Amino acid sequence: MAREQLYLYDTTLRDGQQTQGVQFSTEEKKHIATALDQLGVDYIEGGWPGANPTDSAFFDEAPTTTAQLTAFGMTKRAGRSAANDDVLAAVMNAGTQAVCLVGKSHDYHVTQALGITLPENVENIRASVAHIVGQGREALYDAEHFFDGYRDNPDYALECCKAARDAGARWIVLCDTNGGAQPATVRRVVADVIAAGIPGSHIGIHTHNDTEQAVACSLAAVEAGARQIQGTLNGLGERCGNANLTSLIPTLLLKEPYASLVKTRVTPDALADLSKVSRMLDDILNRVPTKQAPYVGASAFAHKAGLHASAILKDPSTYEHIDPTVVGNTRIIPMSNQAGQSNLRKRLSDAGLSVEKGDPRLAQILERIKDREATGYSYDTAQASFELLARGELGQLPEFFEVKRYKVTVERRKNKYNQMVSLSEAVVVVKVDGEKRLSVSESLDEVGDDRGPVNALAKALIKDLGRYSAQLDDMHLVDFKVRITQGGTAAVTRVIIDYEDGKGQRWSTVGVSPNIIDASFEALLDGINWKLLHDDTVNP
C-alpha cells in the first residue's frame, strides 16, 4: 500500500516561546527557522504578528524557506467584519502564504470566556477563514479545546470544524489545549471527525504534554487518519510542553506501523542531524540538554551494566532499539564501580585504544576506577576523565604542559557607585616546552560583572599555554555541577564540568577535593588535556 503524506508543523517559535522563561530574539528565531527548514518540516509557525515587536520583526526579516512560513492569530471578533478587524489585519499583513487562526470549539468557552452566542462564534470562524482564502492564502483553523468540547457537546464542536472546512480551510487542527486527553480518546474522536465528513488528509493534531502523553496522543491521531502533526523541538511549550518533534519524527520514520503508513519530507541525512538540532536549541536557551531525552539525549544509548555492555559488543540490537547514529547520537559505555571488563574494553575501543582481552592492565584500570570512586569520583558521566585515567595507566598520555602552582583570590569591595561588588583573580604558573609562563586573569564579563573564581581560573589557565593556546580558543564550558559527597567538616566536593568546542565535540570531566576550587581546577585540567589530545593539529 502506498504511503500517505504526513505534514509536520512546527510551532517552536510561537507555542514553544510560551514556555516559562523562554523569549527568543529575532536573530534566534531566524536561526531556529533555518534549522527547522533543513530538518524537513512542512510548516514553520513564526509567531503572532502584532502581538509583540519580536514576532513582527521576525516576519519582516524571515529567512527564505522551503517550508511554509505561517503566521498565527485568532478569528475575528464579534460585531465587526473580518476585513475591519485590526488584530486579524496584523496577521494578514505579515505576508505569509499560510495563516493559522485559533477559534473556540468548546461551547463553555464560547459563552463564558468570549461572552458571545454559539452561532456568533461559528460565524466568526466561517468569516475569518473565508477572508484568508479570499486573499489567496492557505487557511488553518486551530480548534481550541476541541477534545473537551467534543466530550461535552460533540455536535457543536463538529459544527465549528465544518464551518471552517466549508469556508475553505486547508487544515482543521484538533487541539488538546488542556493536555488531558488520553490516546484512546484521541484515536476514537479523530475517527469520529473523519466519519462526520472531514477527511483525514485535512485533519491536524495539536497536543500538550500535561499527562506525559502528547507524543502518544499525536501518534494515535495518525493511526486514526490525521495527516498533520503539530509540535515543538524538545517539547517546548507552556505548562508541561507540547508534543515533542524530536521524539515524533524518528518514531514516524523508523517505527511501525508509521514507517509503512506515512511519509514525510525528512530525509535520512536530515534525521542524522536531529541530535545536533536538539542541542542547538538548548544552546540558544542556555540550558543543559536533558540527558535521558529519547533518541537525542546523551544517555539515550548509555549502557552501564557490565552484562549489557557485553551483549552490546556482540549485537547492539540486544539493548538498543535503533542504531544511535541514525539520529546523530552516539553509544556510551559509562565507567563506574559496576563496570566489568566488557564495559572497559568497549569504552577503550571507542577512545581508539585497543587492549586485548585478559590483559592484566584491564584489571589495574578497573581497580583504579573503583578506588577513586570510593573517595568521591564518578566516571559514570565523566567520559573524558576516564579516558585520561586509562591512558595514564596504559602509558599513552602525553604531557602537554605542567602546572607549577596557582592562586585564586576573591575581593569584596565598593565600586565608584558605592555598591559592594566582588572581583575574582587567578594566577597560574605553567611550564610549556621547558619554559615557565605566568598568567593573570580577572573574571569580568563584557559589562564588568564578576563571573566567579572558577571562571578566572579557567581564563588564566588557557591564557598562556604557548603553542597550545590558539587551539583552545573554541573551547567553552557548557555546564558546571557541584555535589558534596560527604557531610560535616570532612565534606568532599565533586565537580563535573561539561565542555563543547567549535567542531561540535562534547566531553565531561570530574574533579574531587575538600576544596571546591581545587576540585574545579582538576576538572579544568582534564578538560584541556582531553581537548588537546583529540585535536588533530596538536603534535606534542
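No experiment lies behind these values; they were computed from the predicted model shown.
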Just by distance, with hydrogens left out, do [X] and [Y] show a side-chain donor and acceptor under 3.5 Å apart?
| X | Y | value |
| --- | --- | --- |
| H206 | Q228 | no |
| T207 | S218 | yes |
| S278 | N234 | yes |
| N84 | S81 | yes |
| Q213 | T211 | yes |

Legend entry - W530 and W507 aromatic ring geometry - parallel, tilted or perpendicular at 30°/60° bounds: parallel
Inset, instruction - Classify the angle between the aromatic ring planes of F72 and W48 as parallel (below 30°), tilted (30 to 60°) or perpendicular (above 60°). - result: perpendicular
Heavy-atom distance under 4.5 Å between the side chains of [X] and [Y], does that happen here?
| X | Y | answer |
| --- | --- | --- |
| Q230 | L245 | no |
| L13 | I44 | yes |
| H321 | K255 | yes |
| Y258 | E223 | yes |
| L236 | L281 | yes |
| V87 | M74 | yes |
| E45 | C100 | yes |
| Q5 | V262 | no |

Within 6.0 angstrom of [X] [atom1], more than 12 heavy atoms from elsewhere:
| X | atom1 | result |
| --- | --- | --- |
| Q112 | CD | yes |
| R451 | CZ | no |
| Q292 | CD | no |
| K30 | NZ | yes |

Legend entry - With D148, the side-chain hydrogen bond (donor to acceptor under 3.5 Å, both in side chains) member among T177, N153, N178: N178
Inset, instruction - Flag the pair D86 and K76 as a salt bridge only when some basic side-chain nitrogen lies within less than 4.0 angstrom of an acidic carboxylate oxygen. - result: no
Legend entry - Test log, rule ring pair (Phe, Tyr, Trp, His ring centres under 6.0 Å), inputs W171 and Y9: CA-CA 11 Å; W171 292 103; Y9 185 108; 9.1 Å; no
Legend entry - Lys/Arg cation over aromatic Y7: R170, 6.0 Å, 45° cone: yes
Legend entry - Within the 6.0 Å centroid threshold, strictly below: H31 and F24: no
